[in-house]
Each structure stands twice: as C-alpha cells, then as structure tokens.
Amino acid sequence: MSKEPTLIEAHNLTVVYGRKPALWNVDFEIPGKQVIGIMGPNGSGKSTLLKSIMGVVEPTSGFTKVYDQDIDDVRDRISYVPQRQDIDWDFPASVWDVVSMGRFAQRGLFKRLNKEDQDIIAQSLDKVGMLSFSKRQISQLSGGQQQRVFLARALAQQGELFLMDEPFAGVDISTEEMIIDLLKEMKEEGKTLVIVHHDLHTAQSYFDWLVLLNTRLVASGPVSEVFNDKTLSDTYGGKLTTMSKITQVLENKEFPIRHK
Amino acid sequence: MSFGAEFIDYLNYNYTLLIVTLGTGILCLASGVVGTFTFLRKRALIGDVISHAVLPGVTIAFMLTGVKDPLYFILGALASGLVAVWVVDMVQKHSKLKPDTILALTLSVFFGVGIVLLTRIQRSGNAAQSGLDSFLFGKAASMNVLDVQLFGAIALINVVCIFIFLRGFTLLSFDEQYAKGLGFKTGWLKTFLSVLTVLTVAIGVQAVGVVLMAALLITPAAGARFLTNSIRKMLLFSGLIGAISGIVGAVISSTGTGMPTGPWVVVCLSVLAFIGILFGKEKGLIARIRLRNQNKTKINNENVLKALYKMSDDGQSSVNLNDLKKHDSLESLPVQTILNGLRKDDLLELVKGQVVLTEQGRIASREIVRKHRLWELYLSKYFQLKADHLHDDAEGIEHVITPEIERHLTQLLEYPDKDPHESEIPY
Ligand SMILES: Nc1ncnc2c1ncn2[C@@H]1O[C@H](COP(=O)(O)OP(=O)(O)OP(=O)(O)O)[C@@H](O)[C@H]1O
Ligand SMILES: [Mg+2]
C-alpha cells in the first residue's frame with residue numbers, strides 16, 4: 001500500500017512572541033483527510049498554528065509544509081479565514097469591498113477585477129446569504145454576519161484547502177446552521193477543511209481528524225483514536241498548569257529560548 | 001513714497017501671500033491624503049514620532065555639509081524619520097513594552113538628540129544663518145517658489161502612488177494577516193507607505209514645524225472618516241479638508257501681524273474636523289441625534305395610536321380628547337403636540353374635542369397593536385415569561401419590529417388570533 005500523501009506537516013515547530021512561546025516543538029503530519037479540527041483552550045496557539053501554516057508568522061524554529069511543498073508554492077490553492085475578532089470592523093469598507101479582497105489572490109495588486117470576478121463575488125455572497133447586504137458598511141453587521149462575510153471572502157478565493165479560524169465563534173444558531181450546511185456542501189465538492197473549533201460536544205461529529213493543542217502538541221490523529229478523556233484532560237485539564245507555569249517562567253526570567 | 005513703489009510693494013505683498021497660500025494648501029493636501037492611511041492603521045501617534053524624529057537628521061545634514069540646502073535637509077530628515085519608524089517596529093517586535101511607551105520613548109530620544117545638536121550649532125553661532133530653528137515652530141511666511149514646487153511634487157507623488165497602490169494599502173490597513181496569507185509582500189508595502197509619510201513630513205516640517213506637522217497628517221483623516229464610509233471618498237475628503245485648511249489658515253494669518261501660519265492652519269483643520277464630527281451624514285453627532293429624535297417621535301406616535309385604538313373599539317368610535325390625555329400609557333407625554341403631528345399625517349381628525357381615526361390611522365394603529373400582541377405571544381411561548389412580565393418588554397420592542405420580522409413572527413406562531421392575555425390580535 002502506498003503512503004497517503006501528506007496534507008499538512010509541522011516539523012518541530014516553535015513560535016515565540018517576544019519571550020512568550022505560543023507553540024512549542026509541535027510536530028505532526030496530517031494525511032489527506034477531509035475535515036480536520038484544531039482544538040485547545042484559549043491562548044493554546046491555535047491561531048498561531050494556522051498563521052504559521054499560512055506563512056503569516058515566521059517560526060522561531062522548525063517549519064511547516066502544505067501538500068509537501070513550501071507554502072509560497074501552493075498559496076493559490078489555499079483560502080484563509082482569519083479570526084474575526086482580529087480586525088477592526090469600523091473600517092471604511094462595504095461588504096462587497098471585503099469579499100472582493102478574495103479575488104486579489106488571482107488578480108494581484110494592480111489588475112482590475114473583471115466580469116468573472118464580479119460574478120464570483122456575487123456567488124460567494126449568495127452562498128452565505130449576504131448578497132442583499134453587499135452595499136452595507138461592515139461596521140453595521142452583526143457578529144454572525146461578519147463571519148459570513150469572512151467566509152464569502154474565502155470562497156471567492158476559490159481554493160481547495162480552507163483554513164478557518166473559529167468560524168463558529170460568536171455566531172447565532174441560524175448562522176451556525178448555515179455555516180454547517182455550507183461546510184457540508186464544500187466537503188461534497190471535494191474541498192479540504194481545517195477548522196479551529198471550540199465546542200467539544202460537536203467535535204466528534206464534525207471532524208475526521210483532530211489536532212489537540214496546548215502550546216505543545218497533545219495529540220494528532222483520527223477522531224476515534226484521539227478524542228478521549230485522557231487527551232482532553234491533557235489539553236484542557238490539570239496538566240495544563242505545568243506547561244503554563246513553564247511558559248510563565250520562560251516569559252519572566254531571561255532564559256535563553258531556542259533559535260533557528 | 002511714490003505711487004509706483006507703493007504699487008510694487010502691494011504686488012510683492014500679494015505675491016508672497018499667493019505663494020504662502022498655495023504652498024500651505026498643497027502641503028496640507030499632500031499630508032491629508034497620505035495621513036489617511038496613518039489614521040486607518042491606527043498609527044496616529046507615529047505621525048508625532050516621525051515629525052519630531054526628523055530633527056536630528058536635519059541638524060546632522062547641516063553639520064556634515066555646512067550649507068543651508070533644502071535638499072540635504074530633506075535627505076537628512078527622511079533618513080532619521082525612517083530610522084525612527086524602524087526602531088519603533090523593531091522594539092515592538094522584540095520587547096514586551098506597550099506600544100504607547102515605545103512611541104513616547106522613541107519620540108523623546110530622537111527629539112532630545114535633535115535639540116542637543118541644534119543647541120551645539122547655535123552655540124557655534126551658525127544657527128540664525130542656517131535658519132535651523134524654523135524646523136521647531138515652522139516658518140511658512142518665508143516660503144518661496146522652490147518650496148511650492150517641492151510641495152507640489154510631494155502632493156503629486158502621494159496622490160499618484162496611493163492611486164496606484166490603493167488596493168495594497170487598503171488591504172494592509174484593513175487586514176494585514178490576510179494580505180500576507182494572499183502572498184502579498186506586506187513588509188514592502190508598509191515600508192513604501194512609511195517612506196511616503198516620512199517624505200511628506202520631511203518636506204513639510206520646515207513650513208509648519210515639528211510640533212504641528214503631526215496634526216496635518218492625522219486631523220484631515222479624522223474629520224473625513226465621519227463624512228463617508230468609502231475609502232476612496234475618505235481620501236478625497238481628507239485631501240480637501242487639508243487643502244481648504246491650508247489656504248484659509250494662510251489667508252487668516254496674513255491679515256494680522258504676528259500671527260503665524262502653522263497654528264492657524266491647525267485651528268482651521270480642527271474646526272473642519274469638528275464640523276465633520278458634528279455634521280457627518282451617518283456617523284456624525286447631529287445625524288445620530290436626529291435619528292434618536294425621529295425614533296422618539298415614532299414611539300410617541302405609536303403609543304398614542306395604540307391608546308386610541310384601544311379606547312375607540314378598533315377605531316370605530318370617536319374618543320374624547322380629555323379622556324385620551326388622561327390615559328395611563330400617555331402620562332407625561334405632550335399629547336396635544338403628538339396629535340397635531342398625527343393630524344398633519346392624515347392619521348386622525350380633531351373635531352370639537354373629539355378624536356377620530358382616519359382609515360389610514362386605523363390601519364396604522366391596528367398594526368402597532370398587532371406587533372405588541374405578537375411579541376407578547378412570542379415571548380410567552382419561547383421564553384416562558386409570566387404573563388405579567390410580558391407587557392413592559394413588548395412596550396419597548398413593538399416599535400422596533402420591522403415588517404419582515406412581523407411576517408417571520410406570524411409564520412413562526414402560525415397565524416395566532418389571541419395573545420397571552422386572551423386579547424384579539426388584529427390583522
Ligand atoms: N502578536 C502577538 N504578540 C504577542 N503575543 C501573542 C501574539 N499573538 C498571540 N500571542 C500570544 O500567544 C499565545 C497563543 O496565541 P493564539 O492566538 O495562537 O492562541 P489561540 O489558541 O488562537 O487562542 P484563542 O482561543 O483565544 O483564539 C497567547 O498567549 C497570546 O497571548
Ligand atoms: Mg485564536
């Protein structure tokens with residue numbers, strides 16, 4: 001049997017902000033599964049992991065690869081949905097403006113968006129039920145609507161691998177249902193989804209593969225193998241304190257931190 | 001003095017005024033446009049840092065060359081301004097210091113060094129000749145044609161570059177991480193934007209001084225933000241606010257003696273920005289107050305209509321005006337004024353102390369009662385609230401329910417005909 005191709009690989013990945021480690025020696029390989037969950041408590045480095053994969057933050061040591069290649073060689077196949085709370089929504093832009101950004105991946109900094117782009121933008125907005133809001137100023141959107149706009153922007157990129165940072169955070173039930181339907185549809189179209197997620201109850205039903213993080217890697221494997229009391233308490237429970245204590249010591253005392 | 005000499009004096013005066021006015025206007029336009037991105041990237045304070053940080057560059061340029069050449073000054077200012085921006089970024093990346101601490105530190109260190117160097121030059125008896133002190137407080141009145149050309153050049157550079165790089169700069173300001181995720185060279189874009197900003201400051205600082213230069217960068221954008229929700233228009237308004245303030249400030253300062261241009265420009269900028277904050281179309285203070293008043297009128301109207309509906313058996317009979325005024329729900333409301341307003345809208349008629357709803361008024365009053373009772377029913381069904389808690393909540397919400405929500409509610413509740421208090425829901 002030939003080895004399954006690797007979707008995402010992290011090799012000894014360490015990311016340190018200032019002196020504070022956000023990811024510590026994280027090492028895993030995700031085979032070509034379809035729906036992958038990344039879970040862990042607040043501040044456990046989930047967003048940092050996605051950002052490292054996207055090449056948005058530079059690792060302090062180690063590396064990541066997507067489709068066995070450097071991220072820069074496969075960027076056009078990847079759509080990224082950053083965490084909604086990370087940006088200031090009181091920016092002078094309309095819903096349409098934000099979703100058009102998804103097309104900049106293809107058009108670059110200077111080329112005008114053409115009719116085809118406009119159609120793709122409209123379709124993406126339609127898919128998340130926001131087409132009638134396209135002229136709306138983004139600060140006038142609810143949290144759920146903002147999340148839909150972010151998803152539409154990623155859809156407009158037309159990638160095959162979607163990296164989504166907490167698409168369910170702070171959305172109401174109807175938006176959550178809509179997003180789930182959309183994700184199912186995307187799965188049927190053969191897209192690969194990597195989702196940072198918070199809700200333990202739904203994890204088993206959503207994901208094929210789970211990555212459990214708490215600054216270090218707790219577990220990475222098929223949900224059926226990885227999702228159990230031990231790993232969960234390692235991720236969320238008592239043992240956490242050991243790691244967070246060490247993190248604090250590293251942050252406060254001037255210990256040398258590994259470098260490239 | 002002969003008439004001819006006087007006339008030439010007059011022309012000279014006007015010529016100087018023209019130069020100063022034109023120059024200040026163009027400079028403020030240039031800084032307003034590029035400052036829009038400084039503002040949108042929430043880096044208002046960095047404008048202050050840059051304008052103070054150009055001082056050491058200028059003094060070093062003078063010490064090295066020994067001549068008073070604007071070109072050397074600008075190069076020196078550009079260099080030390082960029083170093084300051086770089087220092088801020090680096091310290092931010094590698095230390096735990098808070099951003100405002102870093103900015104304050106950088107500003108003081110650079111400005112301090114600048115002042116020390118300036119004092120040394122002054123001690124050597126060279127300063128007056130070099131005119132270096134004008135960098136502190138600005139000297140717009142001594143502007144010459146060369147300066148105006150320089151300002152024109154930087155305005156042109158800013159407008160053209162921002163026009164070409166609008167997409168990149170916008171993406172950078174809105175969502176830098178996403179921009180990086182798309183594979184754009186954000187580091188390069190940031191540096192480019194910094195160079196434009198620092199260059200503008202470096203060129204403008206001799207006219208208005210380090211202290212006021214930051215205001216030229218940030219204030220136009222702050223005012224423009226209230227006028228529009230589109231970034232293109234914001235750039236336009238920002239440039240216009242800058243240009244108008246520059247021109248008006250220069251003219252005002254020329255009318256009296258001893259009134260420097262820079263401060264007047266900043267006063268004009270602040271006034272315009274304040275006007276923007278007051279009168280902005282959607283975000284402005286007045287627009288918000290007007291909206292609040294409209295809402296209040298709407299609520300008052302609907303409350304009176306509701307009372308009328310209840311007192312007149314579905315709007316069939318007329319209601320005594322005095323009875324209406326005494327109705328519980330209308331206490332402390334200016335009922336007469338509200339009635340006059342409603343009469344103007346043809347919702348009711350006032351005949352001999354009696355109030356009669358028109359057909360339109362009947363429909364409107366029925367609608368508000370329907371919304372009230374639908375909402376009560378919805379609350380009792382979905383939130384298990386006790387019947388005596390429902391009314392107050394519905395009093396607030398009934399005015400907010402839009403036709404779409406109403407339709408949604410009726411469908412959700414399967415076209416009910418009785419509310420939780422067994423009153424009829426009118427359609
Ligand atoms: N730009 C930054 N500078 C300094 N520290 C940072 C930065 N970004 C993240 N951190 C820190 O790194 C740690 C990991 O952050 P990260 O955002 O990856 O966590 P997360 O798992 O996504 O958390 P959340 O569930 O709150 O989104 C946190 O302690 C955070 O405070
Ligand atoms: Mg996160």
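Sequence lines set the chain letters: A, B, ... in the order given, protein chains first and strands last, and positions in each chain run from 1.
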Side-chain heavy-atom pair B/Asn229, A/Ser94 within 4.5 angstrom cut-off: no
Region of A/Ala93 in contact with chain B, defined by heavy-atom distances below 4.5 Å: backbone
Evaluation steps, ring-ring contact (aromatic ring centres under 6.0 Å, His included), between B/Phe165 and A/Phe110: CA-CA 7 Å; B/Phe165 285 88; A/Phe110 307 111; 5.2 Å; yes
Pick from B/Lys180, B/Arg225, B/Lys233 with the largest number of heavy-atom pairs that fall under 4.5 Å of chain A: B/Arg225
Chain B contact via A/Asp90 - side chain, backbone, both or neither, heavy atoms under 4.5 Å: both
Distance in Å, B/Leu182 CG paired with A/Arg103 CZ, rounded so as to fall on 0.5 Å steps: 11.0 Å
Geometric class of the A/Tyr80/B/Tyr178 ring pair [parallel <30°, tilted 30-60°, perpendicular >60°]: parallel
Atom of B/Phe174, atom of A/Asp88 and distance for their closest heavy-atom approach: CE1-O, 4.0 Å
Interatomic distance, B/Leu171 atom CG to A/Ser100 atom OG [nearest 0.5 angstrom]: 10.5 Å
Closest non-hydrogen atom pair, B/Arg167 against A/Gly108: NH1-O, 2.8 Å
B/Leu166 portion near chain A, given a 4.5 angstrom heavy-atom threshold: neither
Residue A/Ile138 versus chain B: region with a heavy atom under 4.5 Å: side chain
Separation between CZ of A/Phe91 and CD1 of B/Ile231, rounded to the nearest 0.5 Å: 4.0 Å
Greater than 12 external heavy atoms within 6.0 Å of B/Lys296's NZ: no
Side-chain heavy-atom pair B/Asp175, A/Pro82 within 4.5 angstrom cut-off: yes
Donor-acceptor pair, side chain of A/Arg75 and main chain of B/Gly181, under 3.5 angstrom: yes
Student check: side-chain heavy atoms of B/Gln177 and A/Leu50 closer than 4.5 Å: no
Engaged part of A/Arg107 at the chain B interface, taking heavy atoms whose separation is under 4.5 Å: both
Ion pair A/Asp97/B/Arg232, N-O distance below 4.0 Å: no
Contact origin within A/Gln83 toward chain B - heavy atom pairs under 4.5 Å: neither
Proximity breakdown for A/Val98 and chain B, heavy-atom pairs closer than 4.5 Å: side chain
Heavy-atom contact with chain A under 4.5 Å, split by part of B/Thr170: both
B/Phe274 atom CZ, neighbour heavy-atom count above 12 within 6.0 Å: no
